[in-house]
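The structure under discussion appears below in the form of structure tokens.
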Amino acid sequence: MLRDPSTKYRPFPPIALPDRQWPNAVITAAPRWLSTDLRDGNQALIDPMDAEKKTRLFDLLVKVGLKEIEVGFPSAGATEFDFISGLVKHDRIPDDVVVQVLTQSRRDLIETSFASLDGAKAAIVHLYNAVSPAWRKIVFGMSRYEVKAIAVAGAKVLRDEAAKRPDTAWQFEYSPETFSTAELDFSVEVCEAVMEVLQPTPERPIIFNLPATVECATPNVYADQIEWFGRHIRNRDSVVISLHTHNDRGTGVAAAELGMMAGADRVEGCLLGNGERTGNCDLVTVALNMYTQGVDPGLDLSDIDAVVNTITYCTNLPVHPRTPYAGDLVFTAFSGSHQDAIKKGFAAQGQRNDGYWEVPYLPIDPADLGRSYEAVIRVNSQSGKGGVAWVIEQDKGLKLPKRLQADFSRHVQALADETSRELGAADIWGRFEETYLPRTDDRFVLRDYEESGGAGQRLFVGRVAVDGEERSISGRGNGLISGVIAALGESTGPSLDVVDYSEHAIGHGADAQAAAYVECRTQDGRTVFGVGIDADIATASVRAVLSAANRAG
């Protein structure tokens, strides 16, 4: 890399728009969406989709709710042409969906494009040619006049071919390709020349797609370009401004959002952002960004995993686990502080009565996208007590007291260090059972017990295996737990003082069990915890005390 890159690269010049309005705008409604997965997305693949995959992807796009779908480049070859014409002939296009095809501004290619749509109820033909200085000089060797003439000639063919097929409701789209690196006045000049030919009206507007064919500047510059164009194009009420951003600088989504704020009406892109080079605008991200701001995007992404699975099957491309909203790990926290905040957020969410979502680190409720809460918190060596407690609660329904959470997390941390891997729910539960729940080799093992007496004077009589030898032990106390502790003390058991006790039901109905937790202090000042689980809450309490006694040694 150069120490002084300015000797090789020129900064993109800012747009002279001192009274720009878009920074104060707010996105309050969904744009018109166009999926270009089957065209721009397909041409970006190492192995382009076959007819079966294209059909499966088309069905997904319809199911998600996209009403405008660019289905291909019919003049590219027989596979493209046959797929597009097959959609029409086999009546695969729903009445509320309009398909779109792309063509360069050449008579033979335009004619082929119209032929692929013969019999369609409605369709959009998308014409383009590059207009920027680099393409004019380097690629075509043409003047401004010659480049504009290409666009005008193509528009005339559009007009004439549509007139031959009056039974189809035709719409026209024109792209001054490489708009983002072209002179704004020339882009307007070319677009207005196309308008002269096609004569759009407010009832039948023309779509002007203003692509960031190569993302060349920060998103605010693109927004300035869009606002400038919208101000200067004539008959704005007969024009639909469409955005087609790319991700060369990593800000394709941001550019689309700022472009909408700048007055655009339509957004083109691909689900999950597939596209040549670094990808197209990710429609899923833009739509769900709106959703998290309380704006209905008009797309149904309630089964995000089905979207991901279909996209990966059809494109043979992986979806990065950190992809916004759709990645496997985007709703997952490993960090202890993150886990603690999320766990507290879910607890607080259950107490809200206004319906609003407010959980730290989770800008959207995973359930809205068909994701479960089980994967929100996962445990490895970076995790803390909150994450461990979350997994136990989600997997087994146990709501561990806070100090017990800290005690158990040390055991889980040791296991994570030993294994050097992520711990699953089964790993964590296995360590919990091993640490707190009854084992046959425990020093104290409950066989049976009885209790009697009134309030303040309870008698506990139990059959307990002590060091493998079954004994009858008894003790009195002001409650069941103190009676158990007294009985243990008289049977060479540890001397325990109860510091804290809690209990709760696990599940609902007749099959519900009870969990009891006890925190005790030993005679030598140590803190030990015990856990008991049983269908009967009293028995769970007895088991919890024996669990603590076993840990006291």
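In what follows, residues are counted from 1 in the order of the sequence shown.
The CZ atom of R204 sits 11.0 Å away from atom CG of L198, with the distance rounded to the nearest 0.5 Å. With rounding to the nearest 0.5 Å, the separation of CD1 in I342 from OG1 in T332 is 8.5 Å. The CG atom of L362 lies 7.5 Å from the CZ atom of F331; values are rounded to the nearest 0.5 Å. For the atom pair CH2 of W135 and CE of M142, the computed distance is 15.5 Å after rounding to the nearest 0.5 Å.
Remark: R56 is positioned above the aromatic ring of Y313, its terminal NZ or CZ atom under 6.0 angstrom from the ring centre and at most 45 degrees off the axis.
The aromatic rings of H232 and W228 sit parallel, their planes meeting at an angle under 30°, below the 60° perpendicular limit.
Between E68 and Q100, the side chains place no donor N or O within less than 3.5 Å of an acceptor N or O (distance only, hydrogens not considered). With no hydrogens or angles considered, no side-chain donor-acceptor pair links N235 and S238 at under 3.5 Å.
Between K63 and D303, none of the side-chain N atoms (NZ, or NE/NH1/NH2) sits under 4.0 Å from a carboxylate O, so this pair counts as no salt bridge. Between E268 and R39 no salt bridge is recorded (no basic side-chain N to carboxylate O distance below 4.0 Å). Residues R234 and E196 are paired through a salt bridge, judged by an N-O separation under 4.0 Å between the basic side chain and the carboxylate. The residues R32 and D265 are annotated as not salt-bridged, no charged nitrogen and carboxylate oxygen being separated by less than 4.0 angstrom.
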Report task. Would you sort out whether W22 and N220 count as a side-chain hydrogen bond (donor to acceptor under 3.5 Å, both in side chains), showing the intermediate values? Result -> CA-CA 9 Å; W22 65 261; N220 61 295; over 6 Å; no
Query raised in the report: Between Q21 and E227, does a side-chain hydrogen bond (donor to acceptor under 3.5 Å, both in side chains) hold up when you go through it step by step?
Result: CA-CA 8 Å; Q21 299 300 304; E227 183 172 331; 5.3 Å; no
Requested in this report: Applying salt bridge (Lys or Arg N to Asp or Glu O under 4.0 Å), run through D47 and K53 and close with a yes or a no.
Outcome: CA-CA 11 Å; D47 297 311; K53 289 183 175 179; over 6 Å; no
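Looking at heavy atoms from C-beta onward, T213 lies out of side-chain contact with T181 at the 4.5 angstrom threshold. The closest side-chain heavy-atom distance from I27 to M290 is below 4.5 Å. Using a 4.5 Å heavy-atom cutoff, the side chains of L301 and V64 are in contact. Looking at heavy atoms from C-beta onward, P176 lies in side-chain contact with L210 at the 4.5 angstrom threshold. Using a 4.5 Å heavy-atom threshold, the side chains of F346 and E393 count as separate.
Within a 6.0 Å sphere centred on CZ of R144, heavy atoms belonging to other residues, nucleotides or ligands number more than 12. The neighbour count for R277 CZ, taken as heavy atoms of other residues, nucleotides or ligands under 6.0 Å away, is above 12. With a 6.0 Å radius and a threshold of 12 heavy atoms from other residues, nucleotides or ligands, K156 has its NZ atom at or below the threshold. At most 12 heavy atoms of other shown residues, nucleotides or ligands fall within 6.0 angstrom of atom CD1 in I46. Within 6.0 Å of CG in D96 there are more than 12 heavy atoms belonging to other residues, nucleotides or ligands. Residue-environment remark: CZ (R10) stays at or below the threshold of 12 foreign heavy atoms within 6.0 Å. At most 12 non-hydrogen atoms from other residues, nucleotides or ligands lie less than 6.0 angstrom from CG of N316. In E358, the CD atom is not crowded: 12 or fewer heavy atoms of neighbouring residues, nucleotides or ligands sit closer than 6.0 Å.
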